[in-house]
Structure formats: C-alpha cells, structure tokens
Amino acid sequence: MEKTSANPLLTYQLEEMDTDVVCQFILDSYWGKSLNRDQIIKSFNLSSCVGLLLNGQQVGFARAISDGATSAYLKDFIVLDAFQRKGFGRLLMQGLLKHPDLKEVPSWYLGTKDAHDFYESLGFKKSPDGIHMYLHL
C-alpha cells in the first residue's frame, strides 16, 4: 500500500460510515442505476458490510449477503476513484473476508463487468459466462 499520512481504518459499524457517500457512488454505478436511496440503505442493514476510512473520510465500502455458513455473494465493492490503485481494495477485501459474520464462509461469488483483473489478483476465478466469479477457500 502506498504511504499515507494516517493509517486506514476498517469498520463493520454502519453508524461509523458515511452512507451518503456510499449511496451516491452506488446510484452513479452501472449496477445501482435502478435503485433508490431507501433500497440501498435497507440493503446495507440486511447485509454484512465493511467500510474503509482514511483520516475520517470514507474511501471504500464492501457489502456481502450470506447464510454465514456456506456461501457469500459480494454485492457492492467500492473504492472511491481518488484512492484506487493504492492497495485500499486489497485491504477492503481482506476486511470483508474477516468480517465477524463471514469469516468462516468458504465459498464466495460475485458478478462484474469490468474488474476481473482485480478480483483475479485476489484469487477469484472466472466462470464460463465471463461475468460471474468465485473463490473457494
């Protein structure tokens, strides 16, 4: 990770995150265009989330849905543009995999149109359809 003036902080507490920043990012994303803010906030409350803060600023967010025992599906994974390619995404994924509700889950799944290389660098494999990816720990 590139040196920063402060250590990044991972949090699993939604009340410590800037959900307005995260909601706006999702609303502007290709996968969130059909959603509204109320739906997004409800999804946060019904999922396992991790936030990444730097100097008190929200720089990353990840959300997974899971049964807590066999599998998890990565629904949102965000590193704000100014903080990409600095190691924050890797740190965020490590935090999600260690989430108290998810740390024993062996099978992870996700869908992406444009971030295959990043997820492959973390051990995910492409499925035959070229969109979905999986990781079996």
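The first residue of the sequence shown is numbered 1, and numbering continues consecutively from there. Quick caveat, the model's predicted, so the values are computed rather than measured.
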Enquirer: Any chain of hydrophobic side-chain contacts (each under 4.5 Å) joining L80 to L52?
Expert: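 Yes.
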Enquirer: Provide the full list of salt bridge (Lys or Arg N to Asp or Glu O under 4.0 Å) pairs with a residue in residues 19-29, sequence neighbours left out, each pair given once.
Expert: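 Every pair satisfying salt bridge (Lys or Arg N to Asp or Glu O under 4.0 Å) with a residue in residues 19-29: D20-R37.
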Enquirer: Check whether any side-chain heavy atom of K126 lies under 4.5 Å from a side-chain heavy atom of H116, and answer yes or no.
Expert: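 Side-chain contact under 4.5 Å: yes.
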Enquirer: Determine whether D117 and S121 make a side-chain contact, defined as any pair of heavy atoms from C-beta on separated by less than 4.5 Å.
Expert: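 The answer is no, as the side chains (C-beta and beyond) never meet within the 4.5 Å cut-off.
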Enquirer: Once rounded to the nearest 0.5 Å, what's the spacing between atom CD of Q84 and atom CD1 of I78?
Expert: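 Result: 10.5 Å between the selected atoms.
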Enquirer: Do L97 and K103 touch side chain to side chain, with heavy atoms closer than 4.5 Å?
Expert: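 With C-beta onward as the side chain, the pair stays apart.
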Enquirer: Tell me whether Y30 is reachable from L74 by hopping between hydrophobic residues (I, L, V, M, F, W, Y) whose side-chain heavy atoms are closer than 4.5 Å.
Expert: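 Shared cluster, yes.
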Enquirer: Quick check: do S107 and T70 have side-chain heavy atoms less than 4.5 Å from each other?
Expert: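 No; the side chains remain at least 4.5 Å from each other.
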Enquirer: Pick out which of L122, V79, L135 makes a side chain to side chain contact (heavy atoms under 4.5 Å, CB included) with M93.
Expert: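 Considering L122, V79, L135, a side chain to side chain contact (heavy atoms under 4.5 Å, CB included) with M93 is found only for L122.
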Enquirer: Can the ring centroids of Y134 and H136 be said to lie less than 6.0 angstrom from one another?
Expert: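 Ring-ring flag for Y134/H136: true, centres closer than 6.0 Å.
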Enquirer: Do V50 and L92 have side chains that get closer than 4.5 Å, going by heavy atoms?
Expert: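 With C-beta onward as the side chain, the pair touches.
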Enquirer: Could you tell me if the side chain of F25 sits less than 4.5 Å from the side chain of D76, heavy atoms only?
Expert: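 They are not in contact (no side-chain heavy atoms under 4.5 Å apart), so the answer is no.
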Enquirer: Mind checking whether L35 and L14 sit in one hydrophobic cluster, side chains of I, L, V, M, F, W, Y counted as touching below 4.5 Å?
Expert: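 The answer is yes; both residues are in one hydrophobic cluster.
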Enquirer: Looking at C49, is its backbone amide N or carbonyl O close enough to the side chain of S47 to form a donor-acceptor pair, meaning the two atoms are under 3.5 Å apart?
Expert: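 No.
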Enquirer: In terms of hydrophobic clustering (I, L, V, M, F, W, Y; side-chain heavy atoms under 4.5 Å; direct or indirect links), are L96 and Y73 co-clustered?
Expert: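 Not linked; separate clusters.
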Enquirer: Begin with the C-alpha distance, continue with both residues' side-chain angles, and end with the deciding distance and a verdict on side chain to side chain contact (heavy atoms under 4.5 Å, CB included) for R63 and S43.
Expert: CA-CA 9 Å; R63 176 177 78 87; S43 76; 3.6 Å; yes
Enquirer: What's the verdict on side chain to side chain contact (heavy atoms under 4.5 Å, CB included) for W108 and L102, showing C-alpha distance, side-chain angles and the deciding distance?
Expert: CA-CA 10 Å; W108 287 78; L102 304 172; 3.5 Å; yes
Enquirer: Show, in sequence, the C-alpha distance, side-chain angles and deciding distance for L54 and F88, and conclude whether the side chain to side chain contact (heavy atoms under 4.5 Å, CB included) test is met.
Expert: CA-CA 10 Å; L54 184 64; F88 291 116; 3.9 Å; yes
Enquirer: Measure from the side-chain N and O atoms of S127 to the backbone N and O of H132, and report whether any donor-acceptor pair falls under 3.5 Å.
Expert: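 Yes: the side chain of S127 pairs with the backbone of H132.
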Enquirer: For Q58 and D18, indicate whether the former's side chain and the latter's backbone hold a donor-acceptor pair under 3.5 Å.
Expert: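 It does hold such a pair.
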Enquirer: Ignoring hydrogens and angles, tell me if any N or O in the side chain of N36 forms a donor-acceptor pair with the backbone of I40 under 3.5 Å.
Expert: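 Flag not set: sc N36 to bb I40 has no pair under 3.5 Å.
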Enquirer: Mind telling me whether Y12 and H99 have parallel, tilted or perpendicular rings, with 30° and 60° as the class edges?
Expert: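 Answer is perpendicular, since the angle exceeds 60°.
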Enquirer: How is the hydrophobic cluster of L9 composed, in terms of its other members, when Ile, Leu, Val, Met, Phe, Trp and Tyr link through side-chain heavy atoms under 4.5 Å apart, directly or indirectly?
Expert: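 Its cluster mates, by chain and number, are L53.
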Enquirer: Show your working on side chain to side chain contact (heavy atoms under 4.5 Å, CB included) between V22 and M17 and close with a plain yes or no.
Expert: CA-CA 9 Å; V22 177; M17 300 179 208; 5.7 Å; no
Enquirer: Kindly assign one of parallel, tilted or perpendicular to the pair F44 and F61, based on the angle between their ring planes and the thresholds 30° and 60°.
Expert: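 F44 and F61: tilted rings.
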Enquirer: Is the F124 ring parallel, tilted or perpendicular to the Y119 ring (thresholds 30°, 60°)?
Expert: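 Plane angle over 60°, so perpendicular.
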